[in-house]
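Worksheet: one structure, shown below.
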Protein chains: 2
Amino acid sequence: MTDSKPNASLTAPSIHGDALPPVEQHAQQYATVRNAHETELIEDYVELIGDLLTHRGEARAADIANRMAVSQATVSKMIRRLNELELVTSKPYRSLFLTEAGQKMAETSRARHDIVLHFLRALGVKDATARIDAEGMEHHVSDETLDIMQRFTEQQQKS
Amino acid sequence: MTDSKPNASLTAPSIHGDALPPVEQHAQQYATVRNAHETELIEDYVELIGDLLTHRGEARAADIANRMAVSQATVSKMIRRLNELELVTSKPYRSLFLTEAGQKMAETSRARHDIVLHFLRALGVKDATARIDAEGMEHHVSDETLDIMQRFTEQQQKS
DNA sequence: CAAACAGTTTAGCCTTGGCTAACAATGTTG
DNA sequence: CAACATTGTTAGCCAAGGCTAAACTGTTTG
């Protein structure tokens with residue numbers, strides 16, 4: 001085994017800067033992040049497709065490519081994946097649509113995204129910055145934290 | 001050009017749920033996130049190596065593998081990259097050390113990480129959750145937001 | 001209605017970050 | 001000090017997510 005030097009504070013929920021967390025916990029932190037990364041892009045695509053359908057009535061590959069700042073080829077490939085995952089339906093050269101599962105994912109993502117964005121604005125972050133941060137943060141915020149953020153925002157708005 | 005349907009609210013800094021942001025801004029959001037992803041893992045490694053050096057006096061590949069929940073081969077490969085990037089120095093079969101640049105990066109990452117973690121705890125998030133969320137969020141929080149988080153935490157501690 | 005243009009797909013390439021299996025070096029200990 | 005256990009490295013595989021170039025489809029328009 002490794003990690004066998006000082007045995008102090010293997011359990012204390014102390015501040016991170018003080019001591020290393022126990023191996024298993026530490027490992028789980030990284031594993032969770034790695035995991036989030038796998039679904040992140042998928043969720044972003046589905047969320048964006050949902051938004052385009054809502055606000056534009058259709059979701060074309062070219063729009064997605066523009067808004068994601070990515071080549072059309074990349075989008076095309078990704079759509080194939082989304083299809084295999086049964087999140088979207090698409091006929092070649094036609095607009096995309098979300099399946100049931102896709103719609104559910106889009107709503108969830110949209111909701112998370114909005115909670116984080118509103119929270120950041122309530123905290124006092126400038127709009128442009130809040131948007132960028134929210135885009136990055138949304139996939140890494142637990143339900144627990146999300147809940148707290150939402151309550152915080154509501155609280156703020158009352159005053 | 002694409003994106004040519006309704007022309008309303010192309011500039012209003014409205015809430016995301018209401019309308020799509022202008023293409024350029026939207027594109028920049030995604031680009032920023034993609035960019036963060038490229039440096040994220042590197043920073044995690046460097047940060048962890050720094051922590052191990054501080055708290056254990058040495059940083060062995062096996063420790064890193066354990067704490068990241070990743071195979072030793074993966075760590076070994078990554079160390080080669082860190083070497084090329086001149087962030088660590090390493091002699092085969094020996095402990096790692098950080099270069100100047102590596103130390104600077106480790107400190108910065110550590111500081112960001114702590115600010116986010118403390119902020120989440122100050123918000124009322126449970127320790128275990130806060131740690132996981134902080135690990136995921138730290139790379140996506142702008143300096144502006146970081147600043148606000150820090151002030152919020154200090155404020156909270158006074159009361 | 002044919003040509004030109006815009007949009008989409010396919011093919012083929014690259015890098016990253018995982019993995020396992022096999023091998024090499026180091027360290028510990030009977 | 002030899003054998004074994006631990007640690008580190010290398011080789012070779014895979015999937016994901018980018019890219020460009022080229023081929024194909026659909027739409028608009030002279």
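Each chain gets a letter, A, B and so on, in the order the sequences are listed, and its residues count up from 1. Note that these values count all heavy atoms, side chains included, but never hydrogens, waters or copies made by symmetry. Just so it is clear, the model here is predicted, and its values are computed rather than measured.
D/dG17 atom C1' lies 15 Å from atom CD of B/Glu40, rounded to whole Å. Atom pair B/Asn35:CG and D/dG18:P shows a separation of 12 Å (rounding to whole Å applied). Between B/Asn66 atom CG and D/dT6 atom P the separation is 12 Å, expressed in whole Å. Atom-to-atom, CG of A/Asp63 to P of C/dA6 comes out at 15 Å; the value is rounded to the nearest Å.
A salt bridge does not link B/Arg112 with B/Glu138: every distance from a Lys NZ or Arg NE/NH1/NH2 to an Asp or Glu carboxylate oxygen is 4.0 Å or more.
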Scan nucleotides 22-28 of chain C against the protein and return all N/O pairs shorter than 3.5 Å with their distances rounded to 0.1 Å.
from: C/dA25; atom 1: O4'; to: B/Tyr93; atom 2: OH; distance (Å): 3.4

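Listed by first and then second residue, the salt bridge (charged side-chain N to carboxylate O under 4.0 Å, His left out) pairs that reach into residues 148-159 of chain B are B/Asp147-B/Arg151, sequence neighbours excluded. Sequence neighbours left out, the pairs with a member in residues 120-149 of chain B that pass ring-ring contact (aromatic ring centres under 6.0 Å, His included) are A/His140-B/His140, B/His37-B/His140.
Grouping Ile, Leu, Val, Met, Phe, Trp and Tyr residues whose side-chain heavy atoms lie under 4.5 Å apart, directly or via other members, leaves B/Tyr93 alone, with no other cluster members.
In this structure, the side-chain contact (heavy atoms from CB on, under 4.5 Å) partners of A/Thr89, at least two apart in sequence or on a different chain, are A/Phe97, A/Thr99.
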Letter by letter from the 5' end, nucleotides 10-20 of chain C scores (B base, S sugar-phosphate only, - none; protein heavy atoms under 4.0 Å) B-----SBBBB

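A/Val141 and B/Ile132 fall into different hydrophobic clusters, where Ile, Leu, Val, Met, Phe, Trp and Tyr are joined by side-chain heavy atoms under 4.5 Å apart, directly or via other members. Under a hydrophobic clustering in which Ile, Leu, Val, Met, Phe, Trp and Tyr are joined whenever their side-chain heavy atoms come within less than 4.5 Å, directly or via other members, B/Val46 and B/Val70 fall into the same cluster.
In this structure, A/Leu123 CG and B/Leu123 CG are separated by 7.0 Å, a value rounded to the nearest 0.5 Å.
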